[in-house]
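Atom set for the values below is all heavy atoms of this structure, side chains included, hydrogens, waters and symmetry mates excluded. Nothing here was measured: the structure is a model prediction, and the numbers come from that model.
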Amino acid sequence: KLRDATRRYWLHWAEASAPRDPAEPASPVARAGASGALSRGEFARRFCASSDLFHHGHRRPTASVNFISAHDGFTLADFTSHSRKHNHANGEDNQDGRDNELCASLGAEGWSDDAATSLRRARVRRALLATLLLAQGTPMLWSGDEMGHSQSGNNNAWNQDNATSWLHWDRADGALCDFVAQVVALRRAEPALRHDRWFTSEPTGPLERTLVWSTPSGAPMHHHDWHHGQEGAFACRIEGARDSSHLWLAFNPEAQDLEFILPEMAGDGGWTVALDSALHWKVGHPVSRRLSVPAFSVMVLTHRATPTIS
């Protein structure tokens, strides 16, 4: 569930803003048009461990195994750089493999040295990885996605025991590896990002954490906001015990930077940047009430509560 939802959420807006060669067939994302945009409600459900599917009986959020790519499909690098599969090397006249797998070229089919295309792809890939690694549940990262591994658009490379499927560490994207390590370290450092109980909207006990979604203006999400297909950006606030840190996560899949209004918190301290997948804001940067969230990015901010002195 998270795989297709996350791809639709990030690829729709990026593909719509990218130039397209009319000689190339449209990608599955482009063919879907405006109707292919994922609602914020669906994204929120998948980000919160698909609670509509797993929140019953004694199942915990870790029952949701989250992934954005797997062995029987495109790699992350390929579904953000191809509009269709390229399986001719498999010897089945490109008839094998999954047809219409969600993918988008984001500016050019396959590898490109165009600066704008490379920037767009890099931002979308980091946003996808951040979504996967920060989502509630059990993350599953396909080996090679953290280093930018490509199979040249082959989404069924099981019989390619050669350079197509091998991991080339000498060509690894070091900056992407560093980013993945940063997100993993953040997940490890913040208990709220690996909370193994279902989030609630109101405090119900010392072990519970609340999660509340809001529009970029800071207003609570209402029914029409969840299903508004022309807007994709929104944020959530996660709170726990009184003396713990509070988290604020912003998602901006759109093609322009957007201003967000942060929650006003009681007590001393303030919001600071813990993660910016666009690599614009530095970790530790202090933020007041307004923040420009870059296009195609995920941001995480922390607010440290003042310890209670008894």
Side-chain angles (χ1 to χ4, degrees), residues 1-15 28-29 32 35-57 59-70 72-74 76 79-80 98 100-104 124-142 145 180 183-184 186-187 190 192-201 209-216 221 223 225-229 231-238 247-254 275 277 293 296-300:
K1 285 288 187 176
L2 182 116
R3 178 190 62 183
D4 288 352
T6 302
R7 289 192 191 186
R8 284 178 59 195
Y9 183 75
W10 291 107
L11 294 180
H12 169 78
W13 301 93
E15 180 78 335
V29 172
S35 64
L38 188 80
S39 71
R40 288 180 284 194
E42 178 68 6
F43 179 85
R45 277 190 292 271
R46 302 306 152 223
F47 188 77
C48 293
S50 294
S51 57
D52 57 324
L53 301 177
F54 296 111
H55 190 186
H56 59 80
R59 304 194 83 176
R60 293 290 185 91
T62 46
S64 176
V65 178
N66 302 325
F67 58 93
I68 56 175
S69 55
D72 56 348
F74 287 123
L76 168 64
F79 76 73
T80 54
R98 182 183 174 191
N100 299 314
E101 180 178 352
L102 284 173
C103 60
V124 170
R125 288 166 185 166
R126 290 194 299 268
L128 282 154
L129 286 165
T131 301
L132 167 65
L133 296 171
L134 298 176
Q136 190 179 28
T138 303
M140 184 186 83
L141 181 65
W142 187 16
D145 277 354
V180 171
V183 184
V184 170
L186 177 62
R187 182 183 176 101
E190 294 290 347
L193 295 175
R194 41 189 170 81
H195 184 53
D196 194 25
R197 300 173 72 90
W198 297 103
F199 289 120
T200 62
S201 57
R209 294 182 184 273
T210 62
L211 184 148
V212 178
W213 294 92
S214 61
T215 66
M221 295 283 289
H223 179 77
D225 295 316
W226 290 115
H227 305 286
H228 196 310
E231 296 180 5
F234 64 152
C236 69
R237 184 177 77 251
I238 304 175
L247 298 182
W248 182 82
L249 288 75
F251 304 88
N252 181 14
E254 300 181 30
L275 179 76
S277 69
V293 176
F296 312 135
S297 74
V298 177
M299 289 197 68
V300 181

Candidate pair Met221 and Thr215, rule side-chain contact (heavy atoms from CB on, under 4.5 Å), full reasoning: CA-CA 6 Å; Met221 295 283 289; Thr215 66; 3.6 Å; yes
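- The distance from atom CG of Leu53 to atom NZ of Lys1, rounded to the nearest 0.5 Å, is 6.0 Å.
- Within 6.0 Å of NE2 in His56 there are more than 12 heavy atoms belonging to other residues, nucleotides or ligands.
- In this structure, Phe47 and Phe43 have parallel ring planes: the angle between them is below the 30° cut-off, well short of the 60° mark.
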side-chain contact (heavy atoms from CB on, under 4.5 Å) between Leu132 and Thr6, worked out: CA-CA 8 Å; Leu132 167 65; Thr6 302; over 6 Å; no
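- Shortest non-hydrogen contact noted between Trp13 and Glu254 is CE3-CG, 3.9 Å.
- The shortest distance between side-chain heavy atoms of Arg40 and His228 falls below 4.5 Å.
- Here the closest heavy-atom approach between residue Leu211 and residue Cys48 is recorded as CD1-SG, 4.0 Å.
- Formation of a donor-acceptor pair under 3.5 Å by the Glu101 side chain with backbone atoms of Phe74 is found in this model.
- Side-chain contact between Leu128 and Thr80 is present, with heavy atoms from C-beta onward closer than 4.5 Å.
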One pair to check against side-chain contact (heavy atoms from CB on, under 4.5 Å): Val180 and Leu141. What are the steps and the verdict? CA-CA 10 Å; Val180 171; Leu141 181 65; 4.2 Å; yes
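- Within the 3.5 Å criterion, the main-chain N or O of Arg187 finds a donor-acceptor partner in the side chain of Arg194.
- Looking only at side-chain heavy atoms (C-beta outward), Met299 and Leu275 stay at 4.5 Å or farther from each other.
- For Trp10 and Thr131, the side-chain atoms include at least one donor-acceptor pair closer than 3.5 Å.
- A donor-acceptor pair shorter than 3.5 Å can be found between the side chains of Asp145 and Ser69.
- Once rounded to the nearest 0.5 Å, the distance linking CD1 of Ile68 with CZ of Phe79 reads 4.5 Å.
- The only member of Asn66, Asp4, Asp52 that meets side chain to side chain donor-acceptor pair (under 3.5 Å) when paired with Arg46 is Asp52.
- Rounded to the nearest 0.5 angstrom, His55 NE2 and Arg197 CZ are separated by 9.5 Å.
- Trp226 approaches Ala44 most closely through the heavy-atom pair CZ3-CB, 3.8 Å.
- A donor-acceptor pair under 3.5 Å is absent between the side-chain atoms of Arg98 and the main chain of Asp72, judged by distance alone.
- Checking each of Thr210, Leu249, Val212 against Ile238 for a side chain to side chain contact (heavy atoms under 4.5 Å, CB included) leaves exactly one that passes, namely Leu249.
- Within the 3.5 Å criterion, the main-chain N or O of Phe54 finds no donor-acceptor partner in the side chain of Arg59.
- No donor-acceptor pair under 3.5 Å is formed between the side chain of Arg45 and the backbone N or O of Ser51.
- Using modelled atom types, one side-chain atom of Thr138 and one backbone atom of Thr62 make a donor-acceptor pair closer than 3.5 Å.
- A distance below 6.0 Å separates the ring centres of Phe234 and Trp213.
- What you find for Trp198 and Arg60 is that their closest heavy atoms are CZ2-C, 3.7 Å.
- Contact record, Ala37 with Arg8: O-NH2, 3.4 Å, taken as the closest heavy-atom pair.
- Between Arg7 and Leu102, the closest heavy-atom pair is NH1-O, 2.9 Å.
- Remark: side-chain polar atoms of Gln136 are not paired, donor with acceptor, to backbone N or O of Ser50 under 3.5 angstrom.
- For the pair Ser277 (side chain) and Arg126 (backbone), a donor-acceptor distance under 3.5 Å is absent.
- Looking at Leu129 and Val183, their side chains never come closer than 4.5 Å, going by heavy atoms from C-beta outward.
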